[in-house]
Amino acid sequence: MENPDNAGLFIPIDFLASIVERHEGGRLSRADIWMMAALVSSEVAEDRIELGFPFQWVGRQNCEDLFDGDCGVDFNGDDARCGSTRGPHRELCHGTSGTITVLEFFEDEFGFDAQQVVAIMGAHSVGRMRRQTLGFDGPDGWDLSNLRLDHGYYIELAGGPNGIPNFELNMVDNSDLSDDIPDRPQWEVDINGSRLVMLHTDIALVRQLEEGDNLNADGTVTCDFLDNNDNQCPDAVDTIDHVIRYSESREDFLSDYREALELMVANGYLMEGECPRGSVCELTLNM
Ligand code: HEM
């Protein structure tokens, strides 16, 4: 939890702690319960419950039980001890990362291709950004229905019946917050009285944002979202067509999102054999 990227995660960890405790010594590990929470929250947010997000694969080991307790190195470079709030350091993508960084991160960590990256990022159809957590300021979230898991995120990025929103890059002033939280770049547009916000990582799915090229180290960008002065950022060729496809079909998005989420919550394990609906199956550690 010393890694600032993990700010705010104590809220779901605390929330799930009593459920984890209740299952101690039983069939579900803490890791199983955390991953189940990802599926349950998707199912609840996909409020028409057309698809369902069944939790069928169990058998994840908690990090303290893996690798004979050798947890690698923590955020500060010390030997890590493993537990619900401690573990080995992982270099994560940031809200300020560009297109190639995002694609490479998901490929390296999860083996995802461009379509799977676009589908999983649709989780940002739900929720919002709180300045006190990481410095991004988006109380209205990414789309117009931020309590519902739907394809609104893609409609904002690719445009819908009302045209393509003209996102503008602004810098959030966080000088009143702790030193850990720098000023943040974010893309904003006003729609029907809501101020929608996208991170560089979201815009990077439709516009090719490249660190050291059009994306500067201070988070500023040298091109525009839309063609204001002949200076539109180039299209993100690997991902933009998937964004457009999901903007046109809620069903396509939800079924691809569910597939990507199922892989994500089984990452590090193999789902061997068939696991028919309604049954519970054991994962095998992928060494
Ligand atoms: C490149 C990868 C990603 C980056 C950089 C990123 C970044 C962020 C940031 C900065 C926030 C705002 C946090 C806050 O202010 O409280 C956020 C929120 C959120 N993210 Fe991501 N995210 C990424 C991928 C994902 C993925 C893969 C999922 C799920 C499958 C996800 C689900 C969410 C949700 C649901 C919220 C809203 C939380 C809330 O309202 O409390 N994100 N993300």
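Given the structure is predicted, the values throughout are model-derived calculations rather than measurements. Just follow the structure's listing: the first ligand is 1, and inside any ligand the first atom is 1. These numbers come from the heavy atoms of this one structure, side chains and all, not from hydrogens, waters or symmetry mates.
Around the CG atom of Asp218, the shell of radius 6.0 Å holds more than 12 heavy atoms that belong to other residues, nucleotides or ligands.
Judged by distance alone, with hydrogens and angles left aside, the side-chain atoms of Asn174 form a donor-acceptor pair with the main-chain N or O of Pro182 at under 3.5 Å. Formation of a donor-acceptor pair under 3.5 Å by the Arg60 side chain with backbone atoms of Trp57 is found in this model.
Looking at atom 30 (C) of ligand 1, its nearest protein heavy atom turns out to be Ala123 CB, 3.5 Å. When only non-hydrogen protein atoms are considered, atom 33 (C) of ligand 1 lies nearest to His124 CD2, 3.5 Å.
Heavy-atom contacts of Leu134 reach the following atoms of ligand 1: 10 (C) (cutoff under 4.0 Å). Atoms of ligand 1 found under 4.0 Å from any heavy atom of Thr201 (numbered from 1 in listed order, with element): 1 (C), 5 (C). Here is the list of ligand 1 atoms found below 4.0 Å of a heavy atom in Leu199: 7 (C), 8 (C), 9 (C), 10 (C). Less than 4.0 angstrom separates some heavy atom of Gly95 from each of these atoms of ligand 1: 5 (C).
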Per-pair distances, 0.1 Å, donor-acceptor, side chain in residues 101-110, under 3.5 Å, sequence neighbours excluded:
| residue | atom | partner | partner atom | Å |
| --- | --- | --- | --- | --- |
| Thr101 | OG1 | Glu211 | OE1 | 3.0 |
| Thr101 | OG1 | Glu211 | OE2 | 3.1 |

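In this structure Asp140 satisfies the salt bridge (Lys or Arg N to Asp or Glu O under 4.0 Å) test with no other residue, sequence neighbours excluded.
Close N/O approach between Arg130 and ligand 1 is found [any backbone or side-chain N/O within under 3.5 Å]. Distances between N or O atoms of Tyr257 and those of ligand 1 include no value under 3.5 Å.
Neither the backbone nor the side chain of Leu92 comes within 4.0 Å of ligand 1, counting heavy atoms alone. Proximity of Met121 to ligand 1, defined as any heavy-atom pair under 4.0 Å, is confined to the side chain (atoms from C-beta onward). Contacts of Val126 with ligand 1, taken as heavy-atom pairs under 4.0 Å, involve the backbone alone.
In terms of hydrophobic clustering, with Ile, Leu, Val, Met, Phe, Trp and Tyr side chains grouped at heavy-atom distances under 4.5 Å, Leu205 and Ile155 are assigned to different clusters.
In this structure, Trp142 counts as a contact residue of ligand 1, since one of its heavy atoms falls inside 4.0 Å of the ligand. Residue contacts with ligand 1 leave out Gln132, since none of its heavy atoms falls under 4.0 Å from the ligand.
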*Yes or no on side-chain hydrogen bond (donor to acceptor under 3.5 Å, both in side chains) for Tyr257 and Ser125, after CA distance, side-chain angles and deciding distance?*
CA-CA 11 Å; Tyr257 169 81; Ser125 135; over 6 Å; no
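Distance check for Cys281 and Cys275: the SG atoms are under the 2.5 Å cut-off.
Here the shortest heavy-atom distance to atom 37 (C) of ligand 1, taken over Ala119, Gly127, Ala7, belongs to Gly127. Of the listed residues (Phe112, Phe110, Phe106, Phe136), the one carrying the non-hydrogen atom nearest atom 10 (C) of ligand 1 is Phe136.
Note on ring orientation: taking the six-membered ring where Trp is involved, the planes of His124 and Trp142 are parallel (angle under 30°, cut-offs 30° and 60°).
Residues Asp227 and Asp230 come closest through the heavy atom pair OD1-N, 2.9 Å.
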